[in-house]
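What follows is a single structure, written as structure tokens, with notes after it.
Positions are given from 1, in the same order as the sequence printed here. As the structure lists them, so they are numbered: ligands from 1, and atoms in each ligand from 1.
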Amino acid sequence: MKQIAVVGVGYVGLVTAACFSDLGNRVVALDINEEKIEGLKRGQMPIYEPGLKELVERNDKAGRLSFTTSYPEALDSSEFAFICVGTPSGVEGEADLKYVEASARSIAENMTAPLVVINKSTVPVGTGDWVADIITSHQPEPIDFAVVSCPEFLREGSAILDFMNPHRTVLGSLDREAADKVAQLHLPLRSPIVITDLRTAEMIKYASNAFLATKISFINEIADVCEALGADVKEVAAGMGFDERIGPHFLEAGLGYGGSCFPKDVQALAFMADEMNTDPKILHAVMEINSQRRLIPVQRLEEMLGGLKGKVVGMLGLTFKPNTDDMRDAPSLDIANALLAAGAKLRAFDPVGMQVAQPLLPDVEMAPDAYALADGCDALVVNTDWNEFKQLNMTRIRDSMRQPVIFDGRNIYDPQKMADLGFQYRGVGRGYDGAKTKVSLKSAKGHAV
Ligand code: UGA
């Protein structure tokens, strides 16, 4: 049984702590936020993540997982310390490292035996070296340590599944022995393990997130072309995805990406590249395309309703994606503000996000369920692709609405079925009859058509 300290019980830290304890290690999870730690001791999770509460409870009962605010307690007998603190965006889009710095200092000041310090937070390339310098300069007396970068690739909503079934484990260090020790911790997960240097590991994380964000902005750009030319982006994506070089994932067109990772990480990577004068054109385009997605619902609803002033609009879904209560950089926030600014009256329903969302959207009335939401609405907007929205009784929804108008920002409904039910329906990038008439074959000149 290895003993591990995990610093930071946000979403990454808590999942890491719970999963490593479930793999049979003894884990002490630390946070400087006393309220969070006291809550966790009472079994209250600071975030909603499927399966997390049960996992924490099970390992807490088994005596493998405990919580503390004390660094000496967390580091006592620990061979490993994972840094899992937040790296929010700074004023210019750079990653703000104040929490990483504070953790590194506290680790340095409180370690009493050799330690492998593993960074899981998403940090700018070069941070591992900087953390090593901080630890060296803040140790009261020299004690052996090594820094390893082990970026996380967890998705909110399926973080436990992702932790237990990783596509790969990336470890970066200048100290091969330390990297091997961390690799041992990951052996039960049976994933390919990439061992490389610190900076390369840090870059793998940014490049991975930026590539996924690029796929999303790419398919969203294609969606606009599909819509203009009368093609269906869902089928285009499915047709593309069979090519193994492209793959079927992250080709869902819609309102773009949100959350605490992609927006911040693409921005931070672009910031680093700009600083180095490498002129990152794709990264800037990815961000620009993504921010424009959030204007689409207002434009479409204005077209469909002939203006938004005084119209009652119901928002189906608020969180940045399903299976989470996370509202960080959720497209719904910008969409709600734009609809309110255009004079609409707004209501919303989200299966788990309303408590977190309400203070952020004080002018939006929250409805107890999707049917109550639709009652008397002039239009609905689908912001989040929660599974339960796909199963709604649409006849009942139609009958209770003032006008059966839907803008489906996540393409969860079938356009033909919705038209058959009598809805005025628009999805994203799904050719509709109006568009087809506009197609010109000029661009096909010289090619067989
Ligand atoms: C993302 C990555 O997927 C994880 O691998 C990574 O570890 C994590 O960031 C992180 O850096 O911590 P996450 O932000 O939880 O995970 O969510 P995703 O499932 O990746 O979705 C991000 C956003 O993209 C959501 O708003 C989602 O609606 C949107 N999206 C996703 C699309 O618009 N289209 C798609 O095809 C896929």
Side-chain angles (χ1 to χ4, degrees), residues 8 10-16 47-50 84-89 95 119-123 150-163 165-170 202 204-223 233-234 236-238 240-241 246-269 286-287 289-294 296 317-335 353 382-387 389 408-412 427-429:
Y11 135 82
V12 174
L14 193 51
V15 170
T16 301
I47 48 161
Y48 171 82
E49 181 65 32
C84 302
V85 294
T87 53
S89 286
N119 186 39
K120 262 204 172 297
S121 303
T122 303
V123 290
C150 175
E152 57 88 14
F153 299 103
L154 311 175
R155 286 164 303 171
E156 289 188 29
S158 55
I160 292 166
L161 193 82
D162 289 347
F163 189 99
N165 305 282
H167 292 172
R168 77 300 207 186
T169 298
V170 174
E202 290 164 347
I204 288 173
K205 168 68 187 191
Y206 277 111
S208 301
N209 271 6
F211 186 75
L212 292 170
T214 303
K215 270 188 112 174
I216 298 171
S217 281
F218 175 83
I219 200 66
N220 281 329
E221 186 162 288
I222 295 296
V233 74
K234 257 193 121 132
V236 169
M240 288 165 63
I246 298 173
H249 306 294
F250 279 72
L251 287 178
E252 278 170 40
L255 301 174
Y257 58 80
S260 62
C261 306
F262 288 171
K264 158 177 89 63
D265 293 350
V266 180
Q267 203 174 36
L269 183 56
V286 165
M287 292 189 281
I289 292 169
N290 197 58
S291 62
Q292 285 167 358
R293 303 312 290 173
R294 299 175 181 206
I296 292 177
L318 291 168
T319 53
F320 83 99
K321 68 175 207 174
N323 301 322
T324 175
D325 63 353
D326 200 334
M327 285 296 297
R328 284 176 289 178
D329 212 342
S332 68
L333 294 171
D334 290 332
I335 294 166
V382 180
N383 285 325
T384 317
D385 43 342
W386 283 95
N387 265 337
F389 296 159
D408 180 358
R410 297 291 177 181
N411 286 342
I412 63 173
V428 175

Worksheet item: Does V428 reach the side chain of V233, with side-chain heavy atoms less than 4.5 Å apart?
Response: no
Discussion item. Restricting to side-chain contact (heavy atoms from CB on, under 4.5 Å), what partner residues turn up for F218, sequence neighbours left out?
Written reply: I222, M240
Item to complete: Below 4.0 Å from any atom of ligand 1, which residues have a heavy atom? Give them in chain and number order, please.
Response: E152, F153, L154, R155, E156, K205, N209, I216, F250, L251, E252, G256, Y257, G258, C261, F262, D265, F320, K321, R410
Discussion item. Counting C-beta onward and ignoring hydrogens, is there a side-chain heavy-atom pair between Y257 and M287 closer than 4.5 Å?
Written reply: yes
Discussion item. Restricting to side chain to side chain donor-acceptor pair (under 3.5 Å), what partner residues turn up for N119, sequence neighbours left out?
Written reply: none
Discussion item. If we check side chain to side chain contact (heavy atoms under 4.5 Å, CB included) with P331, which of these qualifies: K321, R293, R410?
Written reply: R410
Practice prompt. Name all residues meeting the side chain to side chain donor-acceptor pair (under 3.5 Å) criterion together with N323; count only those two or more places apart in sequence or in a different chain, and write none if there are none.
Written response: none
